[in-house]
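Below is one structure, written out as structure tokens, with a few remarks after it.
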Amino acid sequence: MSNYKTVLVTGASAGFGKAICETLATNGFKVVALARRLEKLQSLANAFPGKIYPLALDVRDVEKIPALLDSLPEEFKTIDVLVNNAGLALGVDRAQNCSMANWKTMVETNITGLLAMTNAILPNMIKRNCGYIINLGSTAGNWPYSGGNVYGATKAFVEQFSRNLRCDTAGSAVKVTVIKPGLCQDTEFSYVRLNNDKEKVLSIYDKTESILPEDIANTVLWLLNTPAHLNINTMEMMPVCQTFGGLSVTRNLDLEKK
Ligand SMILES: NC(=O)c1ccc[n+]([C@@H]2O[C@H](COP(=O)([O-])OP(=O)(O)OC[C@H]3O[C@@H](n4cnc5c(N)ncnc54)[C@H](OP(=O)(O)O)[C@@H]3O)[C@@H](O)[C@H]2O)c1
């Protein structure tokens, strides 16, 4: 039986976050489901009466977070587990062709939003000597690829921040894990990244069996049931059909100044 009762999941209206909420609610947890699209959260909550509480928030609105958490109903207020899952990638262009606006949105969502949620919730975990922070990183944080520029860099931040949190929570029972998935299908991630271009999205997953949202949800459930003395620091996962590409070499490279 897990040590934890109440879980707050960010990015709960789609993809991994929605699957995590469903799996945890099915397995007896109380879940606060947070995202921007309230109607999606509401239908998720309706499927699990009394077990899932919908909370509409843009995690970039950092100054709203403390009051919003304070407004939670009593039975959902004491957060034992924070799953920092809300995040996005925008575009696959090389850095020299990217818009600053997209970079800013990724930094504010994947980094600032995650920090603000952690900043609001971690102190009470330390005070109660009970808590678990699970952050969603990505293989993109470790393995660079063309077009990954700021997205990959935000996920590298998430991994290093998670490791640093392990240092700062030393001496307490609070756990921290970063999950770093590779290619995943059946989420909105690539639709958001590629501006809803269905053809491009489908070509990414063509003839693959990629990671599914339920794989991530079952991983989170497993983490929450690990013994109190055990902390899993990082979990990197890829589908069997994906692996490392190796380093690239450009031949006949033109080094003349123009
Ligand atoms: N899918 C992959 O291939 C993959 C691989 C590795 C890592 N990841 C990471 O895993 C996490 C979940 O990805 P996913 O595939 O499940 O993506 P998804 O299906 O697009 O879901 C993203 C979720 O984040 C929420 N969100 C986005 N911006 C937000 C904001 N400003 N405030 C609050 N919520 C926000 C979205 O809800 P609203 O739009 O309703 O706010 C949605 O619920 C992300 O951090 C992603 O970077 C994904």
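It should be emphasised that the depicted structure is a prediction, and the values quoted were computed from it without experimental measurement.
- Rounded to the nearest 0.5 Å, atoms OG (S172) and NZ (K127) are 14.0 Å apart.
- Of all heavy-atom pairs spanning C184 and F16, the tightest one is SG-CZ, 3.3 Å.
- Once rounded to the nearest 0.5 Å, the distance linking CG of D61 with OG1 of T112 reads 12.0 Å.
- Looking at heavy atoms from C-beta onward, F76 lies out of side-chain contact with V31 at the 4.5 angstrom threshold.
- At most 12 non-hydrogen atoms from other residues, nucleotides or ligands lie less than 6.0 angstrom from CD of E256.
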Derivation of the salt bridge (charged side-chain N to carboxylate O under 4.0 Å, His left out) call for K18 and E214: CA-CA 9 Å; K18 179 167 181 271; E214 54 260 41; over 6 Å; no
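- The local environment of CG in N129 is crowded, with over 12 non-hydrogen atoms from other residues, nucleotides or ligands closer than 6.0 Å.
- Side-chain N/O atoms of K175 and T226 include a donor and acceptor closer than 3.5 Å.
- Between Y151 and F189, the distance from one ring center to the other falls under 6.0 angstrom.
- The nearest pair of heavy atoms linking V174 to M125 is CG2-O, 3.8 Å.
- Using a cutoff of 4.0 Å between basic side-chain nitrogens and carboxylate oxygens, E75 and K30 are not scored as salt-bridged.
- Within a 6.0 Å radius of CD in E199, other residues, nucleotides and ligands contribute 12 heavy atoms or fewer.
- A side-chain N or O of E236 and one of W143 form a donor-acceptor pair less than 3.5 Å apart.
- No single ILVMFWY cluster, assembled from side-chain heavy atoms under 4.5 Å apart, contains both L72 and L38.
- Atom NZ of K104 is surrounded by 12 or fewer heavy atoms from other residues, nucleotides or ligands within 6.0 Å.
- Here the shortest heavy-atom pairing between T208 and C241 reads CB-SG, 3.9 Å.
- Grouping the Ile, Leu, Val, Met, Phe, Trp and Tyr side chains by contacts below 4.5 angstrom, directly or via other members, places V7 apart from V32.
- Grouping the Ile, Leu, Val, Met, Phe, Trp and Tyr side chains by contacts below 4.5 angstrom, directly or via other members, places V83 apart from V59.
- Checking N110 against K155 by side-chain atom types alone, no donor-acceptor pair falls below 3.5 Å.
- Remark: the N135 side chain and the S162 side chain contain an N/O donor-acceptor pair separated by less than 3.5 Å.
- The pair D80-R128 meets the salt-bridge criterion, since a charged nitrogen lies less than 4.0 angstrom from a carboxylate oxygen.
- In this structure, the separation between CG on L122 and CD1 on I133 is 4.5 Å, given to the nearest 0.5 Å.
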